[in-house]
Amino acid sequence: MDWVPIEQVQYWTTDKKFGVKLNPKALRELLRHAQSAGTLETGGIAMGRYSECHTYATVDLFTGPPPDSQHGPMTFLRGTSGLQRLVAKLWRSERRYYLGEWHYHPHASAQPSGTDLSQMKTIANDEKYATPEPLLFIVGGDPNSEWELRVYLAFRNRDQLEPMNQRTSG
Ligand SMILES: [Zn+2]
């Protein structure tokens, strides 16, 4: 399991053409959501910005689960209640985009499941999200101590998620 320092975390595709940087405050918030979920999966969406040349995205906010989400020990179905309003508000006030999804695998590997892949593909193909290459963040392990975070890119026409590699400096 990789130990991820909480400051300055960034992930890049293997070809280094696209990266994602995590605001440490947002990452701490994600871990708090995972901590309060106990033994159940939980999740939400990632909001943030793209750099000018679209070479990387910065996540400023990981939201908690919408109230109509369904939480199981090995399943999470993110609800939609209130999300559209939140996304519109963050766009209007701060020009923040929907970047993708996150969820928590309690005390398990952060490896994506087949369901995770198909959900991300659905989002990539859904015009409502207007995000052809959404990001997937999965936190696994114990959010109080030994956790890991894996980041993936999803594509409209690909039956695979592209793993992004953590880079600690730069
Ligand atoms: Zn999952």
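None of these values were measured; they are calculated from a predicted model. These numbers come from the heavy atoms of this one structure, side chains and all, not from hydrogens, waters or symmetry mates. As the structure lists them, so they are numbered: ligands from 1, and atoms in each ligand from 1. Residue numbers start at 1 and run along the sequence shown.
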Subject >> Option passing side chain to side chain donor-acceptor pair (under 3.5 Å) with Arg78 (candidates Glu101, Gln119, Gln70) >> reply: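 Looking at Glu101, Gln119, Gln70, the match for Arg78 under the side chain to side chain donor-acceptor pair (under 3.5 Å) is Glu101.
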Subject >> Given Asp116, Thr75, Thr42, the one that forms side chain to side chain donor-acceptor pair (under 3.5 Å) with His103 >> reply: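 Of all the options given, the one that passes is Asp116.
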**OP:** Using the ring-ring contact (aromatic ring centres under 6.0 Å, His included) rule, pick out the option among Trp102, Tyr11, Phe62 that qualifies with Phe137.
**Re:**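 Exactly one option meets the ring-ring contact (aromatic ring centres under 6.0 Å, His included) with Phe137, and it is Phe62.
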Subject >> Tyr97/Trp91 aromatic ring centres below 6.0 Å >> reply: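 Yes, the ring of Tyr97 comes within the 6.0 Å limit of the ring of Trp91, centre to centre.
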Subject >> Count, waters excluded, of protein N, O or S atoms under 2.8 Å from the Zn ion (ligand 1) >> reply: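 Under the 2.8 Å cut-off, the count stands at 4.
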Subject >> Exercise: do Asn165 and Thr14 side chains pair donor with acceptor under 3.5 Å >> reply: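 Yes.
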**OP:** Report yes or no: does Asp126 contribute a side-chain atom to a donor-acceptor pair with the main-chain N or O of Thr122 at less than 3.5 Å?
**Re:**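 Answer holds: no.
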